[in-house]
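First up is the structure itself, then whatever we jot down about it.
Chain letters run A, B, ... following the sequence lines, proteins first and then strands; every chain starts at 1.
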There are 4 protein chains.
Amino acid sequence: MPAVNSQPRRAHSGNRRDEAARLAVLHAADDLLVEHGFGALTIEAIARRAGVAKQTIYRWWPSKVEILLDTLIEDSDKRLSVPTEHPTAETIRDYLRGFARFLGDDPAGKVLLALIAEAQHDPATAASFHQRYLGPRREQERDLIARAIDAGEVSPRLGPDDTIDALVGPIVYRALTGSSIPHELVDTLVEDLLRPRSA
Amino acid sequence: MPAVNSQPRRAHSGNRRDEAARLAVLHAADDLLVEHGFGALTIEAIARRAGVAKQTIYRWWPSKVEILLDTLIEDSDKRLSVPTEHPTAETIRDYLRGFARFLGDDPAGKVLLALIAEAQHDPATAASFHQRYLGPRREQERDLIARAIDAGEVSPRLGPDDTIDALVGPIVYRALTGSSIPHELVDTLVEDLLRPRSA
Amino acid sequence: MPAVNSQPRRAHSGNRRDEAARLAVLHAADDLLVEHGFGALTIEAIARRAGVAKQTIYRWWPSKVEILLDTLIEDSDKRLSVPTEHPTAETIRDYLRGFARFLGDDPAGKVLLALIAEAQHDPATAASFHQRYLGPRREQERDLIARAIDAGEVSPRLGPDDTIDALVGPIVYRALTGSSIPHELVDTLVEDLLRPRSA
Amino acid sequence: MPAVNSQPRRAHSGNRRDEAARLAVLHAADDLLVEHGFGALTIEAIARRAGVAKQTIYRWWPSKVEILLDTLIEDSDKRLSVPTEHPTAETIRDYLRGFARFLGDDPAGKVLLALIAEAQHDPATAASFHQRYLGPRREQERDLIARAIDAGEVSPRLGPDDTIDALVGPIVYRALTGSSIPHELVDTLVEDLLRPRSA
DNA sequence: GAATAAGCGAGACGGTACGTCTCGTCTTACT
DNA sequence: AGTAAGACGAGACGTACCGTCTCGCTTATTC
């Protein structure tokens, strides 16, 4: 019986990693998180949803956190890039508004919140999350602020990291407590912290 | 440490709720969280550590989150009370400094962070956490700000909730990302947000 | 709604071992072995079939072999008891005929064969099988032969263990190779080995 | 130890079946069985040990049982041939002694026991084992007995198959139960069963 | 002062997910 | 065409907790 099955199931990629399986896992994880929350995000559920064997997940990811990090980094690069040119107060304000929208409306924002949360529960998650996501992004944000200062566009009284946390902190905290983030809040933060009276 | 009667295990209280068991559970939960993290905080581990039957826990608490909430509320009332008199900018600054210390150094601060985190993972936790902790505390904080404004001590450009989140957000975010919170950050937030130039 | 469900599920026995679960496991194991062979005899399949949690099996049995041993010992005591009185050549012959029937026709005989087999694959099985089944049974058989000799009923040229193995070996070997065991074979063995010419 | 070409891993043969791979698999299977028992005899372990790809095994053998059968048949032909000339009672006795030694001391004896065992667990093994090993060997043994009877050397009261099983059964059973097989046992079986008093 | 009722330690139970292992199939790249 | 390599879907392994349950005991409170 020489294989006359009409649908060839999936064109298994042989020796190399199966890109279709990789994407199926990332999407399954994302969907499950958004639809049923982090509690429903088990490796078994992801495998089931993705139509993939558990071992395929364990072969490529050490934990479900790394799966989420993969999706977050991809989505984040796509839809929340740190501006690299023309750093003015407005540029920064627009970036923060985009960040607020990302956290509130984008499914990937839920992933970010879940990772912030899981990092509290598990030190390994914290380490990976800082190294792979928070660190690099902070690097870019520091650069943004530094260039805006150099150009005389803004003059915060705090150091770069303190400034960024003062701007980003309220937005994240609002998202964590399930509240909306109005433009007014973001705008006033930018005005009061980046262009204070005494400057 | 009362009731150190060595002989007959524990003199157990018969008909009424056993206060010793209640305290043992609260302390066990606290200790486990601080020592081994939220991941190690299972009902079975709490029962084991507290020397209590699982059923005794389930009889009085619907979930481990409620145990943590109980400890948090007690500790929070004791060591982080919202000031009720003399509302000045300094009062508010000191409260925020105390909050930063609570989050950074106090074991109970770890409980608060864990609950913020768990609230992201589970809607029931979020509801209970808001209703039993965040809501009441926010009420007091709103009152604090309102009285300070009335007394002409501060004049924030944002509404009360926005103002509080703008002050508290950075502190929480710093704690969530494992960074320290210097006085300078808190002080500058108070100055820039509560006494802005245009006021 | 104070529990008006008509079937009370199962009257869980509380603190004590649940006899119904124990029997369900034994029967499930027996059934699966007979119906689908040793290969289908997994702990998961037994649990599924018995309507029992896996952990309930692991709590009481260290391996599936011990489950089979439990069923074998119970069935064996019931349907293949070594005769304890009137030891004559005919008694022995009847016992061996019973043994042949047990191996060939009784489901429990399949269990015995499976355990002989598994003992070849796994030393732990071998140890347990000898200690719990083969040893005690051999003790009784030795006693049977010894009393028959004392009474002058039989006079084998071999020692007790050699004699028993010479009688039992062909029966077991026949069963292992899937052949039938005619009375003639058993009878001739008894005649030639227990009442040899030179005695 | 042939083929110790140290340099380019193995000079692998391209188009034709690789004899070195075939032998490596057979030896690996044999070694693993003797060293770690049937439980450790997985296809993956054989491939690992033989330094061969799994697929190479699956291409040539339908199951690990067939690998064992290949080794058993080769070893059995070499070291346990059924005598073809001078069939006397002594010839038969010596053959049985050799069989006992094979089962007890020869590594290939462990293979035979493992296959007898596995045949209990899996019908496909049973079929193959009977067809490729037990059947042909029984054919030769029947012939041996028949010629001995024709020559008047022995006169068993049982038919050929019953006689052979009566002789072989105890030896196999002893091996299966891990006991030694003394010459005395073999000799007495031959005497009592092949030259009974009434013949 | 006996009966009742509730809390308690203990732990069995049916489940679900964990992370690991091996199965047998497959595809690729090399010889 | 045979091979080494190894990814893949499948599913069992033995463990840890989940939340529910029943037991046997202890200790007030009630009749």
Between side-chain atoms of residues 110-117 of chain D and protein atoms elsewhere (two or more places apart, or another chain), which donor-acceptor pairs fall under 3.5 Å?
none

Residues forming a side-chain hydrogen bond (donor to acceptor under 3.5 Å, both in side chains) with D/Ser128, sequence neighbours excluded: D/Glu66

Rounded to the Å, how far apart are C/Leu32 CG and F/dA12 C1'? 14 Å

Find every protein N or O atom lying less than 3.5 Å from an N or O atom of nucleotides 19-23 of chain E, and list the pairs.
{"unit_1": "E/dG19", "atom_1": "OP2", "unit_2": "A/Tyr58", "atom_2": "OH", "d": "2.7"}
{"unit_1": "E/dG19", "atom_1": "O5'", "unit_2": "A/Tyr58", "atom_2": "OH", "d": "3.4"}
{"unit_1": "E/dG19", "atom_1": "N7", "unit_2": "A/Lys54", "atom_2": "NZ", "d": "3.1"}
{"unit_1": "E/dG19", "atom_1": "O6", "unit_2": "A/Lys54", "atom_2": "NZ", "d": "2.7"}
{"unit_1": "E/dC21", "atom_1": "N4", "unit_2": "A/Gln55", "atom_2": "OE1", "d": "2.9"}
{"unit_1": "E/dC23", "atom_1": "OP1", "unit_2": "D/Ile43", "atom_2": "N", "d": "2.8"}
{"unit_1": "E/dC23", "atom_1": "OP2", "unit_2": "D/Ile43", "atom_2": "N", "d": "3.3"}
{"unit_1": "E/dC23", "atom_1": "OP2", "unit_2": "D/Glu44", "atom_2": "N", "d": "3.0"}

Is any side-chain N or O of B/Trp60 closer than 4.0 Å to OP1 or OP2 of E/dG7? no

C/Ala21 and C/Val52 have their tightest heavy-atom pair at CB-CG2, 4.0 Å

With a 3.5 Å cut-off and sequence neighbours excluded, list the donor-acceptor pairs that the side chains of residues 29-37 of chain A form with protein atoms.
{"unit_1": "A/Glu35", "atom_1": "OE1", "unit_2": "A/Arg49", "atom_2": "NH1", "d": "3.3"}
{"unit_1": "A/Glu35", "atom_1": "OE1", "unit_2": "A/Arg49", "atom_2": "NH2", "d": "3.3"}
{"unit_1": "A/Glu35", "atom_1": "OE2", "unit_2": "A/Arg49", "atom_2": "NH2", "d": "2.7"}

Using the test side chain to side chain contact (heavy atoms under 4.5 Å, CB included), find all partners of D/Ala108 that sit at least two apart in sequence or belong to another chain. D/Asp75, D/Arg79, D/Phe102, D/Asp106

Length of the CD-P vector between D/Glu66 and E/dG24, whole Å: 13 Å

List the residues meeting side-chain hydrogen bond (donor to acceptor under 3.5 Å, both in side chains) with D/Asp70, not counting sequence neighbours, and say none if there are none. D/Trp61, D/Arg132

Given atom CZ of D/Arg22 and atom C1' of F/dT3, what is their separation to the nearest angstrom? 17 Å

Across all chains, not counting sequence neighbours, the salt bridge (charged side-chain N to carboxylate O under 4.0 Å, His left out) partners of B/Lys64 are none

How close or far is atom P of E/dG15 from atom CD1 of C/Ile57, stated in whole angstroms? 12 Å

So, OP1 or OP2 of E/dC8: does either fall under 4.0 Å of a side-chain N or O from B/Arg59? yes

Quick one: is C/Thr56 getting a side-chain N or O under 4.0 Å of the E/dA12 phosphate, OP1 or OP2? no

Between C1' of E/dC13 and CG of C/Leu23, the distance in whole Å: 16 Å

Tell me which nucleotide among E/dC13, E/dG15, F/dA10 gets nearest to the side chain of C/Ala53. E/dG15

Distance in angstrom units between A/Trp61 CH2 and F/dA7 C1', rounded: 13 Å

Helical bend (five base pairs per end, nearest 10°) for the helix from E/dG1-F/dC31 to E/dT31-F/dA1: 10°

How many whole angstroms separate atom CZ of A/Arg17 from atom C1' of E/dC26? 18 Å

Counterpart residues, side-chain hydrogen bond (donor to acceptor under 3.5 Å, both in side chains), relative to D/Glu74 (two or more places apart): D/Arg22

Nearest whole Å is fine: how far is F/dA4 P from A/Arg16 CZ? 18 Å

Mutual orientation of the aromatic rings belonging to B/Phe38 and A/His121 [parallel < 30°, tilted 30-60°, perpendicular > 60°]: parallel

